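Quantities reported herein were computed from a predicted structural model and do not represent experimental measurements.
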Amino acid sequence: MIIQFLVSLAATLSFAVLFSAEKKQLFFCGLTGALGWIVYLICLQNHTDNAIANLIATFALTLVARILSAVRRTPVTVFLLTGIFPLVPGAGIYYTSYYFIMGDMSRFSQYGISTVKVAGSIVLGIIFGFALPQSLFNGLSKLVHKD
């Protein structure tokens, strides 16, 4: 699990560089993605459905992004967009497209439905994470930055 943590941190950090995140935020972008991936792995190890594991991991990732946003005084999108990178169902999208082009409609449907479930879970995780009041995170920022 440590290797997966480090690889997801490096992958997310690399995506943050491509996304042009500020240099002082790069490590935190990578940390956000790595924490989301670890939550996802823990859910899978506890025999959670893939879509539910993505929902829980995205919710945790959104909370971490909002906390870092308040503490680092940076827009939440910097951490959220880069941090979501490991959870995006890239292989599912690829195989859905591949089987559609190859004319294998049963596998196209199978991968397509699975990919849509995961994508929907990611969206719901973000929505649930943003449903919490901003005042919780503003209070955290005030604790850290006693201006």
Side-chain angles (χ1 to χ4, degrees), residues 1-100 106-145:
M1 195 175 284
I2 293 171
I3 292 172
Q4 288 203 27
F5 177 83
L6 294 173
V7 170
S8 61
L9 185 130
T12 307
L13 194 134
S14 300
F15 184 69
V17 170
L18 288 174
F19 186 66
S20 299
E22 293 181 22
K23 287 182 182 179
K24 63 183 179 180
Q25 308 302 345
L26 289 177
F27 174 75
F28 297 101
C29 291
L31 185 64
T32 304
L35 290 174
W37 184 252
I38 292 301
V39 170
Y40 173 75
L41 288 178
I42 291 169
C43 288
L44 289 182
Q45 285 181 349
N46 290 317
H47 308 292
T48 307
D49 179 63
N50 190 31
I52 301 299
N54 270 285
L55 177 105
I56 294 167
T58 305
F59 177 72
L61 176 110
T62 304
L63 292 181
V64 170
R66 291 188 73 189
I67 290 167
L68 285 172
S69 171
V71 171
R72 307 280 303 160
R73 294 185 175 173
T74 303
V76 71
T77 53
V78 171
F79 303 112
L80 186 60
L81 289 179
T82 57
I84 207 84
F85 176 73
L87 298 176
V88 172
I93 294 167
Y94 170 80
Y95 285 116
T96 300
S97 303
Y98 175 78
Y99 289 124
F100 177 73
S106 80
R107 286 190 177 162
F108 161 72
S109 299
Q110 176 187 357
Y111 278 96
I113 290 169
S114 175
T115 302
V116 168
K117 282 173 49 178
V118 169
S121 297
I122 290 171
V123 169
L124 286 175
I126 293 170
I127 289 171
F128 293 158
F130 276 103
L132 297 173
Q134 182 63 32
S135 59
L136 294 173
F137 302 99
N138 291 342
L140 183 64
S141 178
K142 290 176 185 173
L143 285 174
V144 173
H145 304 284

Participant: Do Trp37 and Val7 have side chains that approach each other closer than 4.5 Å (heavy atoms only, starting at C-beta)?
Facilitator: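 Not in contact.
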Participant: Do the side chain of Ser121 and the main chain of Ala51 share a donor and acceptor less than 3.5 angstrom apart?
Facilitator: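 It does hold such a pair.
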Participant: Minimum heavy-atom separation for Leu81 to Phe19, with atom names?
Facilitator: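 Taking every non-hydrogen atom into account, CD1-CZ, 3.6 Å.
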Participant: Which of these, Phe100, Tyr95, Tyr98, sits in a ring-ring contact (aromatic ring centres under 6.0 Å, His included) with Tyr111?
Facilitator: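 Answer to the ring-ring contact (aromatic ring centres under 6.0 Å, His included) test with Tyr111 among Phe100, Tyr95, Tyr98: Tyr95.
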Participant: For Leu87 and Gly36, which heavy atoms make the closest approach, and how far apart are they?
Facilitator: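 Looking at all heavy atoms of both residues, the shortest contact is CD2-O, 4.3 Å.
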Participant: Rounded at 0.5 Å granularity, tell me how far CD1 in Ile38 sits from SG in Cys43.
Facilitator: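 Going from CD1 on Ile38 over to SG on Cys43, the span is 11.5 Å.
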Participant: To the nearest 0.5 Å, tell me how far Leu68 CG sits from Phe27 CZ.
Facilitator: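 These two atoms lie 10.0 Å from each other.
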Participant: Go through the steps for Val76 and Phe130 under the test side chain to side chain contact (heavy atoms under 4.5 Å, CB included), then give the verdict.
Facilitator: CA-CA 10 Å; Val76 71; Phe130 276 103; 3.7 Å; yes
Participant: Working to the nearest 0.5 angstrom, can you tell me the gap between Ile84 CD1 and Leu80 CG?
Facilitator: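 One finds 5.5 Å between CD1 of Ile84 and CG of Leu80.
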Participant: Determine whether more than 12 heavy atoms belonging to other residues, nucleotides or ligands lie under 6.0 Å from atom CG of Leu18.
Facilitator: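 Count over threshold, so yes.
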Participant: Give the minimum heavy-atom separation between Thr12 and Pro86, together with the two atoms involved.
Facilitator: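 Reported closest heavy-atom pair: OG1-CG, 3.3 Å.
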Participant: Would you compute the distance between atom CG of Leu44 and atom CG of Asp49 and round it to the nearest 0.5 angstrom?
Facilitator: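 Going from the CG atom of Leu44 to the CG atom of Asp49 covers 9.0 Å.
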Participant: How long is the straight-line distance from CZ of Phe79 back to CD1 of Ile67, given to the nearest 0.5 Å?
Facilitator: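 It comes to 11.5 Å.
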Participant: Indicate yes or no for a side-chain donor-acceptor contact from Asn46 to the backbone of Thr48 under 3.5 Å, with no hydrogens or angles considered.
Facilitator: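 No, Asn46 side chain to Thr48 backbone: no donor-acceptor pair under 3.5 Å.
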Participant: So, do Ile42 and Met1 sit near enough that their side-chain heavy atoms are less than 4.5 Å apart?
Facilitator: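 Answer yes - side chains close enough.
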Participant: If you look at every heavy atom in Ser8 and Ala34, which pair is closest and at what distance?
Facilitator: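 Looking at all heavy atoms of both residues, the closest pair is OG-CA, 3.3 Å.
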Participant: List for me each residue that meets side chain to side chain contact (heavy atoms under 4.5 Å, CB included) alongside Leu63, sequence neighbours excluded, and say none if there are none.
Facilitator: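 For Leu63, the residues satisfying side chain to side chain contact (heavy atoms under 4.5 Å, CB included) (neighbours in sequence not counted) are Phe59, Leu132, Phe137.
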Participant: Between Arg72 and Lys24, is there a donor-acceptor pair closer than 3.5 Å when you use the side chain of the first and the backbone of the second?
Facilitator: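 Yes; at least one donor-acceptor contact below 3.5 Å.
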Participant: Taking all non-hydrogen atoms of both residues into account, name the closest pair between Leu61 and Thr32 and its distance.
Facilitator: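 In terms of heavy atoms, the two residues are closest at CD1-O, 3.2 Å.
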Participant: Which atoms form the tightest heavy-atom contact between Ser69 and Thr74, and what is the distance?
Facilitator: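 For Ser69 and Thr74, the tightest heavy-atom pair comes out as OG-O, 2.5 Å.
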Participant: Keeping the roles fixed (side chain from Ser114, backbone from Gln110), state whether a donor-acceptor pair exists under 3.5 Å.
Facilitator: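 Flag not set: sc Ser114 to bb Gln110 has no pair under 3.5 Å.
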Participant: Nearest 0.5 Å, what's the CG-CD1 distance between Leu124 and Ile52?
Facilitator: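 Reported value, rounded in 0.5 Å steps: 9.0 Å.
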Participant: Do the non-hydrogen side-chain atoms of Tyr40 and Ile56 ever get within less than 4.5 Å of each other?
Facilitator: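 Tyr40 does not reach Ile56 side chain to side chain.
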Participant: Tell me whether the rings of Phe15 and Phe85 are parallel (<30°), tilted (30 to 60°) or perpendicular (>60°).
Facilitator: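 The arrangement is parallel - the two ring planes meet at less than 30°.
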